[in-house]
Undergrad: 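Here it is, the structure in full.
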Amino acid sequence: MSEPSSNSQKRSSSSLIDVRLKKLEELVEAGIQPYASGFSPDIHSAELKSKYSGISETEEISDVVRLAGRIMAIRILGKASFMRVHDVSGDFQIYLGRDIVGPEEYNRFKKLDIGDIVGVTGTPFKTKTGEITVLVKELILLTKSIRPLPEKWHGLSDVEIRYRQRYLDLMVNQTSREIVVTRSRIVSYLRNFLATRGFLEVETPMMQTIPGGATARPFETYHHALSRQLYLRIAPELYLKRLLVGGFDKVFEINRNFRNEGISTQHNPEFTMLEFYQAYRTYEDLIKLTEEMLSNLALEIVGSYKLPYGDREVDLTPPWPRITVKESLIENGALKPHEIEDRNAVFIKAMEMGISVNKSDSLGKLLMAVFDEVVETNLWGPIFVHQYPVEVSPLARRNEEDPTATDRFELYICGREMANAFTELTDPVDQRNRFEEQVRARQAGDEEAHFLDEDFLRALEYGMPPAAGEGLGIDRLVMLLTNAQSIREVILFPHMRPEKGLE
RNA sequence: GGGCCGUUAACUCAGGGGUAGAGUAUCUGCCUUUUAAGCAGAGAGUCGCUGGUUCGAUCCCAGCACGGCCUACCA
């Protein structure tokens with residue numbers, strides 16, 4: 001699309017590339033296929049090392065092993081050479097001797113570059129320094145690399161390049177690879193945990209005509225054939241509940257949500273959410289399930305309930321404490337017990353604290369504004385904050401004793417919201433009233449207020465069994481378990497502005 | 001969206017109003033057990049972009065681009 005000169009590939013880099021392109025030409029002229037196929041390794045580096053760790057230095061092993069990987073270091077010592085090769089399980093060393101492969105082949109090997117992918121066939125032996133090494137009988141070039149890799153001491157640390165060219169980051173940074181593997185293990189564990197408890201994994205629409213289930217600004221798109229506006233989903237909640245109406249009593253979905261909001265170390269426009277719903281249960285049951293699921297997950301992934309996070313530690317040994325929103329506000333000293341039910345008193349307090357609030361805000365919204373400002377970041381946790389105000393919980397069931405509160409909790413770990421759950425509102429009349437309240441808020445300018453979903457109300461009118469549901473942010477959970485300080489470290493290809501010259 | 005900081009060789013980084021330095025990588029030569037191999041030599045840069053100030057800018061100033069951190073909204 002753009003001319004080579006406007007490409008991000010700078011001139012000097014292209015001179016290094018030119019050297020390699022010349023080598024590539026020479027290979028082709030010599031009749032060598034620089035992008036070969038058909039070589040199958042029969043062992044990985046980790047297995048090689050463990051299998052032959054017991055051999056002695058002088059021992060000659062007749063086993064022939066086949067390995068493949070990317071050359072990461074080359075040490076030429078005249079008529080013999082060592083190379084370090086990376087494969088998926090780690091790295092291994094190969095030994096090339098001129099007297100073994102012959103002078104012609106040996107000279108060809110000396111022209112290999114760091115970054116080239118090779119297949120080797122040979123026998124294992126132990127070097128003077130005790131490293132299991134492959135004595136190469138045959139080496140074939142599988143892929144010629146024409147771009148230089150980052151240097152061997154410091155590797156690649158420029159975060160912009162690490163995120164934009166994740167393939168390069170994964171090639172040279174082991175911790176980046178480990179996070180990918182850990183994330184996969186976490187998702188598998190959660191899937192298995194729920195599946196063994198009878199939950200059914202489902203997929204619901206990513207493109208929705210009415211974006212529902214959360215308070216957030218949606219991304220908009222357009223369907224030409226239907227001539228209508230569509231939204232990328234902000235949550236799967238209303239669809240999963242429709243499945244409860246339909247008769248499934250335990251369902252879950254692990255998938256992407258999209259929210260048209262700011263980007264930060266805690267936020268990516270698309271993020272992964274686990275949502276699960278269970279009929280004939282309450283949020284009390286979800287508290288127990290969450291404790292069990294996440295504490296066992298920590299044992300599985302980290303090997304302990306106690307996790308290092310930043311320069312602190314968080315202890316996931318169950319059970320975890322609980323506190324109501326109102327209790328937390330009083331305990332924190334933000335509000336006095338007599339003020340907590342008094343909208344005007346809370347409004348004045350919020351103003352005094354410099355929190356941006358509106359005259360029209362309900363008591364519940366004001367309480368949450370104060371909570372977000374002064375309580376939330378101090379909740380190192382793990383802790384369940386529960387009994388959220390009804391005005392900010394339009395899909396949650398009212399508490400039996402306190403109709404201004406809902407049977408809802410949010411789980412906080414390391415000062416961050418990890419999960420949000422509640423006993424579901426199943427009363428179609430109450431649900432309609434709450435939606436209408438949201439519509440009024442939207443008309444008053446609240447871009448994040450819920451849309452009214454008439455079909456969802458129709459489903460509730462047929463009757464949804466009593467149920468409880470929860471949403472759990474997977475990216476933040478992976479951050480917690482990998483001690484990552486930025487969400488971009490746990491998302492393979494995080495959102496970035498387009499790179500100049502490559503659009 | 002706001003504030004602060006950054007952008008110099010392919011990579012990691014120094015430097016600083018008089019047209020640029022190191023290590024790694026690359027290239028050449030020597031070297032048969034190295035593993036940050038070693039020794040000798042060489043090449044490599046529009047100092048993010050665009051303007052301004054100046055005899056002269058990579059350095060000072062402004063704007064822009066991209067990124068990072070904090071902050072705001074949210075999960």
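Letters A, B, ... mirror the listed sequences (proteins, then strands); counts begin at 1.
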Undergrad: If you look at every strand shown and take non-hydrogen atoms under 4.0 Å, does A:Met418 touch a base, only sugar-phosphate, or nothing?
TA: nothing
Undergrad: Got a sec? Which of residues 81-93 of chain A come in under 4.0 Å of RNA chain B, heavy atoms?
TA: A:Phe82, A:Arg84, A:Gln93
Undergrad: When you measure from the side-chain N and O atoms of A:Lys23 to the phosphate of B:C27, is any distance below 4.0 Å, counting only OP1 and OP2?
TA: yes
Undergrad: According to salt bridge (charged side-chain N to carboxylate O under 4.0 Å, His left out), who are the partners of A:Glu25, at least two apart in sequence or on a separate chain?
TA: none
Undergrad: Considering only atom P, compute the distance from B:U50 to B:U46 and round it to an integer number of Å.
TA: 12 Å
Undergrad: Going by the rule salt bridge (charged side-chain N to carboxylate O under 4.0 Å, His left out), which residues pair with A:Glu373 if we only count those two or more places apart in sequence or in a different chain?
TA: none
Undergrad: What is the nucleic acid contact for A:Glu131, judged by heavy atoms within less than 4.0 Å: base, sugar-phosphate only, or nothing?
TA: base
Undergrad: Strictly below 4.0 Å: does A:Arg75 bring a side-chain N or O up to OP1 or OP2 of B:U34?
TA: no
Undergrad: Pick base, sugar-phosphate or nothing for A:Gly262, based on heavy-atom distances below 4.0 Å to the nucleic acid.
TA: base
Undergrad: Between A:Phe493 and A:Arg166, is there a cation-pi geometry (under 6.0 Å to ring centre, at most 45° from the normal)?
TA: no
Undergrad: May I have the distance from A:Leu77 (atom CG) to B:G29 (atom P), rounded to whole angstrom?
TA: 16 Å
Undergrad: Sequence neighbours left out, what passes side chain to side chain contact (heavy atoms under 4.5 Å, CB included) with A:Glu352? Give chain and number order.
TA: A:Ile348, A:Lys349
Undergrad: Classify A:Asn268 by what it touches in the nucleic acid, base, sugar-phosphate, or nothing, heavy-atom distance under 4.0 Å.
TA: base
Undergrad: Does A:Lys22 NZ have over 12 foreign heavy atoms under 6.0 Å away?
TA: no
Undergrad: From B:U33, B:U32, B:G1, pick the nucleotide closest to the side chain of A:Arg497?
TA: B:G1
Undergrad: At their closest point, which heavy atom of A:Pro236 faces which heavy atom of A:Asn257, and how far apart are they?
TA: CD-OD1, 3.7 Å
Undergrad: B:C11 phosphate, OP1 or OP2: any side-chain N/O from A:Lys152 under 4.0 angstrom?
TA: no
Undergrad: Counting Watson-Crick and G-U wobble pairs whose two distances are both under 3.5 Å, find the runs of 3 or more in a row that involve RNA chain B.
TA: B:1-7 with B:65-71, B:10-13 with B:21-24, B:26-30 with B:38-42, B:48-52 with B:60-64
Undergrad: Table please: side-chain donor-acceptor pairs of residues 81-88 of chain A below 3.5 Å, with sequence neighbours left out.
TA:
residue, atom, partner, partner atom, Å
A:Ser81, OG, A:Tyr106, OH, 2.7
A:Arg84, NH1, A:Asp91, OD1, 3.4
A:Arg84, NH1, A:Glu131, OE2, 3.3
A:Arg84, NH2, A:Glu131, OE1, 3.1
A:Arg84, NH2, A:Glu131, OE2, 3.0
A:Asp87, OD1, A:Ser45, OG, 2.7
A:Asp87, OD1, A:Ser89, N, 2.9
A:Asp87, OD1, A:Ser89, OG, 3.0
A:Asp87, OD1, A:Gly90, N, 3.2
A:Asp87, OD2, A:Ser45, N, 2.7

Undergrad: Heavy-atom nearest nucleotide on RNA chain B for A:Gly78 versus A:Glu270: which residue maps closer to 5'?
TA: A:Gly78
Undergrad: Assign each of A:Thr127 and A:Glu417 to its nearest nucleotide of RNA chain B by heavy atoms, then name whichever residue's nucleotide is nearer the 5' end.
TA: A:Thr127
Undergrad: Assign A:Tyr106 to base, sugar-phosphate, or nothing according to its heavy-atom contacts below 4.0 angstrom with the strands shown.
TA: nothing
Undergrad: When you measure from the side chain of A:Pro150, which nucleotide among B:C11, B:U12, B:G67 comes out closest?
TA: B:C11
Undergrad: Please pick, from B:U34, B:C13, B:G67, the nucleotide with the shortest atom-to-atom distance to any side-chain atom of A:Ser157.
TA: B:C13
Undergrad: If the cut-off is 4.0 Å, is A:Lys79 near the phosphate of B:U32, judged by side-chain N/O to OP1 or OP2?
TA: yes
Undergrad: Considering residues at least two apart in sequence or located in another chain, which fulfil the salt bridge (charged side-chain N to carboxylate O under 4.0 Å, His left out) criterion with A:Lys152?
TA: none
Undergrad: Quick check for you: among B:U24, B:U32, B:U26, whose closest atom lies nearest to any side-chain atom of A:Val19?
TA: B:U26
Undergrad: Can you check the distance between B:A9 and B:U34, where both ends of the measurement are the P atom (answer in whole Å)?
TA: 36 Å
Undergrad: Touch check for A:Gly155, heavy atoms < 4.0 angstrom, all strands: base, sugar-phosphate only, or nothing?
TA: sugar-phosphate
Undergrad: Compile the donor-acceptor pairs under 3.5 Å between side chains in residues 361-369 of chain A and protein atoms, sequence neighbours left out, one pair per line.
TA:
residue, atom, partner, partner atom, Å
A:Asp361, OD2, A:Asn358, N, 2.9
A:Ser362, OG, A:Lys365, N, 3.3

Undergrad: Could you list the donor-acceptor pairs under 3.5 angstrom formed between side-chain atoms of residues 213-220 of chain A and any protein atom two or more places apart in sequence or on another chain?
TA:
residue, atom, partner, partner atom, Å
A:Arg217, NE, A:Glu447, OE1, 3.3
A:Glu220, OE1, A:Gln229, NE2, 3.0

Undergrad: Closer than 4.0 Å, any side-chain N/O of A:Arg164 to the OP1 or OP2 of B:G67?
TA: yes
